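What follows is a set of notes on a single structure, which appears directly below.
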Amino acid sequence: MHRLDPHAFTRTSAKMLLLRNLCCFLLCCVFEVSVARRTEEAESLEKMESARCVSRCLTLHITQITAAFRHLQNDRVLGWCENHRRCSQCLQPCKELWETRRALSPKTCEHHECVTSAEFLRSLRVQKQGDCPPAQRASGFAAACVESCARDHECSGVKKCCSNGCGHTCQSPANLFKDPLPPETPQNARTANQTLHPDGTVSVLVLWETPRESDLVLHHYKVTWSPRGTPSSSQSRAGRVTDGDVTQMELQGLQPNTPYTAQIQAISYWGQNRLKSSRAHVSFTTTSQNSAKSQKDSSSYILRWYPEVCSHNVTKDEKTATVQGTHYVITGLLFACKYRVAVKPVAEQRSEVTTSVTTPLCLSLMGRRKKPAACAREERHPQLKKALRRPEKLAVLFQPVNGSLQALFSWQLSPESSGQTPSSGFQFSWVKVSSGSSNGSLISQTHVLPPDQLSLTVDALQPSSVYRVQVQVLSEAGNGPSVAKTLHTPALNSTIH
């Protein structure tokens with residue numbers, strides 16, 4: 001029977017301990033390298049997303065930039081954007097991500113440009129840049145039949161969650177830095193009412209819907225029209241452009257009893273490159289004088305409208321139109337006015353039917369237009385800006401009530417000074433301006449309050465929505481200074497502040 005050598009056992013134990021410590025050291029080194037590599041990848045991805053965010057802001061304001069700079073390769077372009085009111089608001093989330101590595105929440109934004117920029121960064125986190133490579137090209141662990149990811153943000157760096165034919169793994173994307181695609185074709189192009197004018201010409205209203213998807217903001221639409229069968233190079237082909245948030249145009253000066261074809265094309269800009277969609281076509285035949293006379297008994301109406309009262313004390317003459325059919329779009333209306341609209345058949349001796357329509361305030365459209373609406377002068381009398389006390393410190397408290405939100409708004413007035421015109425009250429207005437609203441569904445609501453009331457409770461606000469609120473001072477001379485605020489209502493299950 002052999003006896004164990006205690007010295008040999010001690011040496012073996014020491015070697016095993018040394019080997020275990022060496023393994024732990026190597027594992028720690030590998031872990032630190034892996035963490036450092038992931039940190040570098042995350043920082044690179046955040047820098048890339050921030051750069052794309054800045055590029056988007058500059059692209060949205062390319063028209064003003066090209067007007068201010070002869071060459072876009074100018075170091076002062078970014079400085080111009082930082083000093084431009086709307087462009088600087090767009091840059092706010094981009095700079096926040098670059099400097100702090102934290103994405104700015106849309107709920108902390110006070111302006112529409114900031115909200116859309118923050119939502120753009122959020123979309124980058126959900127779906128990363130580039131395309132998934134073909135499944136048959138996967139190799140190594142990327143080809144394993146496992147479900148190792150479900151969304152792009154679960155993958156490190158620029159990798160995307162892609163299918164390999166039998167599972168989903170994190171893979172390096174293809175076409176990582178591809179240029180944006182042109183807009184899709186405008187949808188549902190159609191005509192509405194036709195109007196026969198005293199000079200014998202016809203006007204036709206053409207309508208369409210925005211493309212389903214677009215990588216870029218639509219800058220404008222180009223609408224062309226000509227008699228059917230006219231060559232594209234013919235001088236009889238006419239055309240006009242309209243803003244990208246307008247989806248209708250009245251074609252004027254058309255010949256009666258003539259077949260026409262109209263084409264609508266969506267235009268976006270990427271840097272200095274103009275990206276065009278395919279053309280949407282709509283064909284129609286204008287009415288004739290004879291057919292118009294024969295249809296007067298059944299489908300011809302006289303429409304007239306005029307402003308009864310406007311908040312900015314502007315008067316305008318009555319306008320009329322002879323309409324074929326039961327649909328007509330009135331253009332050129334003033335903001336914040338109550339219009340009287342009347343209609344009656346041309347031939348029948350019947351009394352006219354009247355109704356009242358109130359146009360929205362300018363603030364109700366500010367969040368939906370890429371260009372500011374030119375109505376600030378109409379809604380504020382210039383001599384009242386300093387003659388009246390200003391509303392300020394507009395605040396709100398939310399409370400959930402029966403599945404919606406109740407909001408208590410409050411405000412203060414600037415200190416009173418001698419020589420100021422006494423106010424007769426306040427005009428409190430609010431409108432929902434969230435991106436989910438469809439065209440034409442914006443309805444502003446207004447309350448006129450006595451001068452001693454500095455608060456108002458508003459019921460039935462929708463959670464997780466964007467509202468624009470304005471408080472304006474009123475006087476006998478007209479409207480005075482105002483304070484406006486963009487609000488992001490909280491979700492019902494969140495903490496209400």
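Note: hydrogens, waters and symmetry copies are ignored here, and every other heavy atom, side chains too, is used. Quick caveat: nothing in here was measured; it's all calculated off a predicted structure.
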Side-chain donor-acceptor pair present, Ser203, His197, cut-off under 3.5 Å
yes
Should the SG of Cys87 and the SG of Cys57 be checked, would they turn out to be under 2.5 Å apart?
no
Quick one: list whatever passes ring pair (Phe, Tyr, Trp, His ring centres under 6.0 Å) with Phe428, sequence neighbours left out.
Phe409, Trp411, Trp430
With sequence neighbours excluded, what pairs up with Glu184 under the side chain to side chain donor-acceptor pair (under 3.5 Å) test?
none
Examine distances only and state if a side-chain atom of Thr242 and a backbone atom of Tyr221 form a donor-acceptor pair shorter than 3.5 Å.
no
Would you find a donor on one side and an acceptor on the other, under 3.5 Å apart, between the side chain of Thr286 and the backbone of Asn257?
yes
What distance separates Ile267 CD1 from Leu218 CG, expressed to the nearest 0.5 Å?
9.5 Å
Evaluate the pair Cys155, Cys170 and indicate whether the two SG atoms are within a distance below 2.5 Å.
yes
His168: ring pair (Phe, Tyr, Trp, His ring centres under 6.0 Å) partners, not counting sequence neighbours
none
Side-chain donor/acceptor of Thr359 to backbone N/O of Cys337, under 3.5 Å
yes
Under 3.5 Å donor-acceptor, Ser117 side chain and Cys90 backbone
yes
Does atom CZ (Arg137) have a neighbourhood of more than 12 heavy atoms from anything else shown, all under 6.0 Å?
no
Of the non-hydrogen atoms in Arg468 and Thr486, which two are nearest, and what is the gap between them?
NH1-OG1, 2.9 Å
Please confirm whether the backbone N or O of Ala118 pairs with a side-chain atom of Gln92, one donor and one acceptor, at under 3.5 Å?
no
Between Gln171 and Thr169, does any side-chain donor sit less than 3.5 Å from a side-chain acceptor?
yes
For Cys161 and Cys149: C-alpha separation, side-chain torsions, deciding distance, then whether disulfide bond (SG atoms under 2.5 Å apart) applies.
CA-CA 6 Å; Cys161 185; Cys149 63; 2.1 Å; yes
